Number of protein chains: 2
Amino acid sequence: MKKLIIASTSTVHNSGYLEYILPRLTSFFEGVKTILFIPYARPGGISYDAYTAIASKGFETIGIQVSGIHEYNDAQEAIANAEGIFTGGGNTFELVNQLYKNNILESLSKAVLTGTLYLGTSAGSNICGVTMMNTNDMPIVYPPSFTTLGFIPFNINAHYLDPDPTSKHMGETRETRIKEYHVFNNTPVLGLREGSWLEVMGDTITLKGNLSARLFQPGKEAKELDSESVINL
Amino acid sequence: MKKLIIASTSTVHNSGYLEYILPRLTSFFEGVKTILFIPYARPGGISYDAYTAIASKGFETIGIQVSGIHEYNDAQEAIANAEGIFTGGGNTFELVNQLYKNNILESLSKAVLTGTLYLGTSAGSNICGVTMMNTNDMPIVYPPSFTTLGFIPFNINAHYLDPDPTSKHMGETRETRIKEYHVFNNTPVLGLREGSWLEVMGDTITLKGNLSARLFQPGKEAKELDSESVINL
């Protein structure tokens, strides 16, 4: 049975890395000694080593060790042997690019579908959707495809932001962009606000955290889902 | 000699479509009776006809007719015969996708390099850069390539936004995103604020409008260029 935590962000305002979600991670990863970290999204172009050190420090407080996938000669084997997997945030284009380049999409899919615990934050959550087409990131590299892992039957818009009615900026709001997406695509999109996450237990997907999330479906009005909603799409 | 106006936006806050730049467009397009409009970026998924009607209305006040490229059987011929070309804003991924699908990059390049007047706003300006890799748009379609027309030797970040020091949002600032781009790429990037535009006259590129623009180069501190600066890169 697949078991995933798909979080909008690693960090909420005025809080440490993963701090807001650590209580839940403690129970989610109960019994796990080591987590395999996928640092490919490398925020700000940080090195894989430096990013893995940040993830290690985050998990240290709950007694879990972290190793970076780049430390292994065989990335597919590392995934197959992992007790748990964590894909961190950063640039989704580069993350997806590296997933394809390292040829690990199939391994990841197989591991997660057979029960390896998975945590994603931000870009690491975007790749749990059907495609990465609702990322907010800048297309700084050209990946071979926008198709991602499809652990959930919809796409994620991480760091979802409500329109600012006081803004004088003429760039599109997040809602406008997602609606534009639905002119060209039919996959539903969930706008996950910072501090929200999804828990996927087999086929049951539940919204967690204190906030509501905004669901966009083609041809329908966007709607707010309350925390603890079970999402059936 | 190439002659382009590359504008950050079509519309500034509290102003009509193209209104802020119409005085300059009047002189730029002097003697031109009809402009060929490329509506492929179709903001919000608007139809080509509806978008062309908006462009027509914008140019009506300065006595110039507008025809949409989709109205012609042969898009390449339409470009070759155009007195002036205007590519409007919207989604840069879809715009670039359609430029490739309709096989008009070469025609556009040839026309502009031999002196056909070109106006771009937002997405229509992004494509004047070397690549579209500094767009702010959502990747709602997968184009065959991110390579664009390269009329200028750098990329454009349209609708450039300064960081908001009061924000509690954990998503990346525009500056962070562009710096991340330079971990992977060497092409300089110009952040063009709304109301700014570039005038390209042959090899001379001048910043116009009331605002400064922010220049990002790999391995260098970002710097502000004053209005009327000539940009040599």
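Just so it is clear: chains get the letters A, B, ... in the order the sequence lines come, proteins before strands, and each one is counted from 1. Computed from a predicted model, the values in this text were never measured in an experiment.
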Check each atom of [X] against the heavy atoms of chain B and say whether the ones under 4.5 Å are side chain, backbone, both or neither.
{"X": "A:T135", "result": "both"}
{"X": "A:N14", "result": "neither"}
{"X": "A:S167", "result": "backbone"}

In this structure, are over 12 heavy atoms from other groups packed under 6.0 Å from [X] atom [atom1]?
{"X": "A:E106", "atom1": "CD", "value": "no"}
{"X": "A:E221", "atom1": "CD", "value": "no"}
{"X": "A:D164", "atom1": "CG", "value": "yes"}

For chain A, which residues from residues 45-60 of chain B lie under 4.5 Å away (heavy-atom distances)?
B:G45
Contact listing (chain A partner; residues 141-148 of chain B; heavy atom under 4.5 Å):
B:V141, B:Y142, B:P143, B:P144, B:S145, B:F146
Check whether [X] gets within reach of chain A through its side chain, its backbone, both or neither, counting any heavy atom under 4.5 Å.
{"X": "B:K179", "answer": "neither"}
{"X": "B:N91", "answer": "both"}
{"X": "B:N155", "answer": "neither"}
{"X": "B:T176", "answer": "neither"}

Determine whether B:V183 and A:R42 make a side-chain contact, defined as any pair of heavy atoms from C-beta on separated by less than 4.5 Å.
yes
Is the closest side-chain heavy-atom distance between A:F93 and B:P139 below 4.5 Å?
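Side-chain contact under 4.5 Å: yes.
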With A:M138, which of B:E172, B:E180, B:R174 fulfils side-chain contact (heavy atoms from CB on, under 4.5 Å)?
B:R174
When heavy-atom pairs shorter than 4.5 Å are enumerated against chain A, which of B:K168, B:H182, B:M132 gives the highest number?
B:K168
Mind ranking A:H159, A:R193, A:E194, A:R177 by heavy-atom pairs under 4.5 Å with chain B and telling me who comes out on top?
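Top count of heavy-atom pairs under 4.5 Å with chain B: A:E194.
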How close do B:I140 and A:N185 get, counting heavy atoms only, and between which atoms?
O-ND2, 2.9 Å
